Amino acid sequence: MSTADDVRTLVRLLWRAEAGVEAPRRGPRQRVSVDDVVRTAIRRADAGGLGAVSMRALAADLGIGPMSLYTYVPTRDVLVALMVDEVAAHAPMPPSSSTVVESLAGVARALRAECLAHPWLLEASPWRQVLGPHRLARYERQLELLEPLDISDVQRDNIIALIGAFVTGNAREAIGARVAADETGMSDAHWWEIAGPELAVVIPDGAFPLSDRVGSAVGEIHQAPGAPDDAFEFGLSRVLDGVRPLLSRRPM
């Protein structure tokens, strides 16, 4: 955030419903609400990414002047943080399963589905986003899954952060594959039908034996350089295997 006032305004806007009022705004009576602004911005981002969410374009969608928009949200950074929290409101965490491992797997799949539905989330920096009510409710739910374990609070947070980092990395790959197909108008199989023979000509024979062997095996199965969905399930199992010793700790 650029100023202390913007930080304070962000917190008040995030919690406007719980406080029962919206952050005070200057000027005449407003024709739209902060909710209208945020939801319109989300629709625009879903269609064209965060780059499509300019204050001028958003104002035009809402039928208000660009300067009027700043009476609702002071900066674009504040707007993006509000958008992220609003998305979380409509993507609740799944119910707990019979084991902590299965519950965390359900959390990971839900987070990935959210990223695939709203790819622009991967463009929004998560580092200094103030926790709004919906993201905080999500974090609370995730912590509840780990509450029965005999581990430190820092370890609880680290487990959640680890799963989140893995999810976003794989979602980025999945979205990249989808975008490549959309932009080229070609499936991966068709693309490799063209690129494969060209590579065979320019790459010296036997120069990359391991890459050739492994790539051929992957290509034969997936007809593509990889399979993000399969990689997600494989990687998720390995991540959970890595933290399984912590997940088995129960209070004495």
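The structure presented is a predicted model; accordingly, all values stated were derived computationally and were not measured. Atoms considered below: every heavy atom in the structure, side chains included; atoms not considered: hydrogens, waters and symmetry mates.
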Is there a side-chain contact between [X] and [Y], using heavy atoms and a 4.5 Å cut-off?
{"X": "Trp120", "Y": "Val53", "value": "no"}
{"X": "Glu86", "Y": "Arg135", "value": "no"}
{"X": "Ser68", "Y": "Leu62", "value": "no"}
{"X": "Leu104", "Y": "Ile159", "value": "yes"}
{"X": "Asp230", "Y": "Ile221", "value": "no"}
{"X": "Phe232", "Y": "Leu236", "value": "yes"}
{"X": "Cys115", "Y": "Leu122", "value": "yes"}
{"X": "Glu144", "Y": "Glu140", "value": "yes"}

With rounding to the nearest 0.5 angstrom, report the [atom1] to [atom2] distance, [X] to [Y].
{"X": "Ile151", "Y": "Leu247", "atom1": "CD1", "atom2": "CG", "value": "7.0 Å"}
{"X": "Ile203", "Y": "Glu198", "atom1": "CD1", "atom2": "CD", "value": "11.0 Å"}
{"X": "Ile163", "Y": "Thr168", "atom1": "CD1", "atom2": "OG1", "value": "12.0 Å"}
{"X": "Arg238", "Y": "Leu240", "atom1": "CZ", "atom2": "CG", "value": "9.0 Å"}
{"X": "Asp188", "Y": "Glu193", "atom1": "CG", "atom2": "CD", "value": "11.0 Å"}
{"X": "Phe208", "Y": "Leu199", "atom1": "CZ", "atom2": "CG", "value": "10.5 Å"}

Is there a chain of hydrophobic side chains (I, L, V, M, F, W, Y, each step under 4.5 Å between heavy atoms) that links [X] to [Y]?
{"X": "Val179", "Y": "Leu116", "answer": "yes"}
{"X": "Val239", "Y": "Leu143", "answer": "yes"}
{"X": "Ile175", "Y": "Leu111", "answer": "no"}
{"X": "Val32", "Y": "Leu82", "answer": "yes"}
{"X": "Ile64", "Y": "Met55", "answer": "yes"}

Check [Y] with [X], please: is the shortest side-chain N to carboxylate O separation under 4.0 Å?
{"X": "Arg16", "Y": "Asp35", "result": "yes"}
{"X": "Glu233", "Y": "Arg112", "result": "no"}
{"X": "Asp5", "Y": "Arg8", "result": "yes"}

Nearest heavy-atom pair of [X] and [Y]: which atoms, and what distance?
{"X": "Thr40", "Y": "Asp36", "value": "OG1-O, 2.7 Å"}
{"X": "Arg138", "Y": "Ala91", "value": "NH2-O, 2.9 Å"}
{"X": "Pro197", "Y": "Trp192", "value": "CD-O, 3.9 Å"}
{"X": "Glu114", "Y": "Ala88", "value": "OE2-CA, 4.0 Å"}
{"X": "Trp15", "Y": "Leu131", "value": "NE1-O, 3.3 Å"}
{"X": "Ala124", "Y": "Val84", "value": "CB-CG2, 4.1 Å"}

Assess the residue pair Glu220 and Ser216 against the criterion (side chain to side chain donor-acceptor pair (under 3.5 Å)); give the C-alpha distance rounded to whole Å, side-chain angles, the decisive distance to 0.1 Å, and a yes or no. CA-CA 6 Å; Glu220 184 176 347; Ser216 296; over 6 Å; no

Can a donor-acceptor pair be found, under 3.5 Å and without considering hydrogens, that links the side chain of [X] to the backbone of [Y]?
{"X": "Asp46", "Y": "His118", "answer": "no"}
{"X": "Arg44", "Y": "Leu50", "answer": "no"}
{"X": "Ser103", "Y": "Ser97", "answer": "yes"}
{"X": "Arg76", "Y": "Ser54", "answer": "no"}
{"X": "Arg249", "Y": "Leu149", "answer": "no"}
{"X": "Tyr72", "Y": "Val38", "answer": "no"}
{"X": "Asp6", "Y": "Val78", "answer": "no"}

Of all residues at least two apart in sequence or in a different chain, which pass the salt bridge (Lys or Arg N to Asp or Glu O under 4.0 Å) check with Glu173? none

Do we get Arg141 above Tyr139's six-membered ring, with its NZ or CZ under 6.0 Å from the centre and within 45° of the axis? no

Step by step, work out the side-chain contact (heavy atoms from CB on, under 4.5 Å) result for Val107 and Ile160. CA-CA 9 Å; Val107 165; Ile160 294 170; over 6 Å; no

Should the heavy atoms of other residues, nucleotides or ligands under 6.0 Å from CZ of Arg56 be counted, would the total exceed 12?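 No - once you tally the heavy atoms of other residues, nucleotides and ligands closer than 6.0 Å, there are 12 at most.
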
How about Asp182: does its CG atom have over 12 heavy atoms from other parts shown lying under 6.0 Å from it? yes

Check step by step if side-chain contact (heavy atoms from CB on, under 4.5 Å) holds for Gln142 and Arg156. CA-CA 9 Å; Gln142 292 166 345; Arg156 298 176 204 278; over 6 Å; no

